Amino acid sequence: QVRLVESGGGLAQPGGSLTLSCTASGNFLTIETMGWYRQAPGTQRELVAAVTSDGTTNYADSVKGRFTCSRDHANSMVYLHMNRLKPEDTAVYYCHTEATDPFSGGVGNYWGQGTQVTVSS
């Protein structure tokens with residue numbers, strides 16, 4: 001079982017910045033992909049950004065050039081640096097990871113509890 005703990009959400013003004021962090025702990029062999037999704041009221045959860053085990057980073061078009069996702073592989077952490085925030089970035093942000101079970105070798109999907117990000121003046 002993998003536990004993800006997020007921190008760093010809150011209120012920001014349009015044009016402002018926030019940084020989210022997430023730490024994975026528990027029983028796993030390897031962390032494959034680690035990243036962030038978000039869900040605004042009345043919408044489906046969507047990928048924001050994710051970093052694969054080889055360091056490849058994928059971003060949603062809506063955040064390219066404004067958000068940076070980075071990983072600390074040694075400490076099983078992932079960050080989301082959000083700049084030039086817009087009201088439409090308001091959502092609950094969820095940390096996500098794909099991790100390999102040490103016993104079965106299977107890959108499971110794990111989610112954090114979510115952290116609220118609100119962008120408003």
Side-chain angles (χ1 to χ4, degrees):
Q1 193 69 13
V2 177
R3 181 172 180 238
L4 298 174
V5 177
E6 303 134 333
S7 63
L11 175 65
Q13 291 189 339
S17 300
L18 283 174
T19 295
L20 307 182
S21 62
C22 173
T23 303
S25 62
N27 215 3
F28 55 86
L29 185 60
T30 60
I31 295 285
E32 302 300 326
T33 299
M34 201 170 185
W36 298 90
Y37 284 70
R38 68 186 181 187
Q39 188 169 19
T43 69
Q44 290 189 331
R45 194 172 295 189
E46 63 175 2
L47 173 70
V48 177
V51 185
T52 64
S53 56
D54 66 0
T56 302
T57 307
N58 296 302
Y59 293 96
D61 288 343
S62 60
V63 306
K64 284 180 181 176
R66 300 188 299 121
F67 291 10
T68 302
C69 185
S70 61
R71 257 177 84 169
D72 177 349
H73 294 262
N75 293 300
S76 302
M77 296 184 70
V78 66
Y79 302 92
L80 185 67
H81 305 282
M82 304 182 290
N83 298 312
R84 291 187 283 141
L85 283 162
K86 303 176 181 180
E88 51 262 44
D89 294 319
T90 296
V92 178
Y93 284 69
Y94 295 91
C95 182
H96 169 263
T97 190
E98 296 173 343
T100 304
D101 186 276
F103 303 106
S104 70
V107 178
N109 282 280
Y110 301 93
W111 296 91
Q113 78 282 2
T115 185
Q116 178 69 46
V117 171
T118 301
V119 183
S120 175
S121 55

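Bear in mind that the values here come from a model prediction, so they are computed numbers and not experimental data.
Atoms CG and OG1, from Leu80 and Thr115 in turn, are 11.0 Å apart once rounded to the nearest 0.5 Å. To the nearest 0.5 Å, the span separating CZ on Arg71 from OH on Tyr79 amounts to 12.0 Å. Put simply, OG1 on Thr68 and CE on Met82 are 11.0 Å apart, with the number rounded to the nearest 0.5 Å. Note that CG of Asp101 and CZ of Phe28 are 11.5 Å apart. Values are rounded to the nearest 0.5 Å. Remark: Met34 CE to Thr97 OG1 distance equals 5.0 Å, nearest 0.5 Å. Distance NE2/His73 to OG/Ser53: 7.5 Å, rounded to 0.5 Å.
Put simply, the side chain of Pro87 reaches to within 4.5 Å of the side chain of Pro14, judged on heavy atoms. By the 4.5 Å heavy-atom criterion applied to side chains, Val78 and Ile31 are not counted as neighbours. Side-chain contact between Pro102 and Asn27: present, with at least one pair of heavy atoms (C-beta onward) separated by less than 4.5 Å.
Residues Tyr37 and Val117 fall into different hydrophobic clusters, defined by Ile, Leu, Val, Met, Phe, Trp and Tyr side chains chained together at heavy-atom separations under 4.5 Å.
Closest of all the heavy-atom pairs between Glu6 and Cys95 is OE2-N, 2.6 Å. Here the closest heavy-atom approach between residue Ala99 and residue Val2 is recorded as CB-CG2, 3.8 Å. Smallest separation of non-hydrogen atoms from Val119 and Thr90: N-OG1, 2.9 Å. When all heavy atoms are compared, the tightest approach of Gln113 to Leu4 is OE1-O, 3.5 Å. The minimum heavy-atom distance linking Trp36 with Ser21 is given by the pair CH2-O, 3.6 Å. When every heavy atom of Ser17 is checked against every heavy atom of Asn83, the shortest pair comes out as OG-OD1, 2.9 Å.
Under the salt bridge (Lys or Arg N to Asp or Glu O under 4.0 Å) criterion, the residue pairs touching residues 13-42 are Arg38-Glu46, Arg38-Asp89, with sequence neighbours excluded. Listed by first and then second residue, the disulfide bond (SG atoms under 2.5 Å apart) pairs involving residues 24-56 amount to none (not counting sequence neighbours).
A distance-only check finds no donor-acceptor pair linking the side chain of Tyr59 to the backbone of Arg66 [under 3.5 Å].
Between Trp111 and Tyr94, the ring planes lie perpendicular to each other; the angle is over 60°, past the 30° to 60° tilted range.
In the displayed structure, Gln1 atom CD is contacted under 6.0 Å by at most 12 heavy atoms of other residues, nucleotides or ligands.
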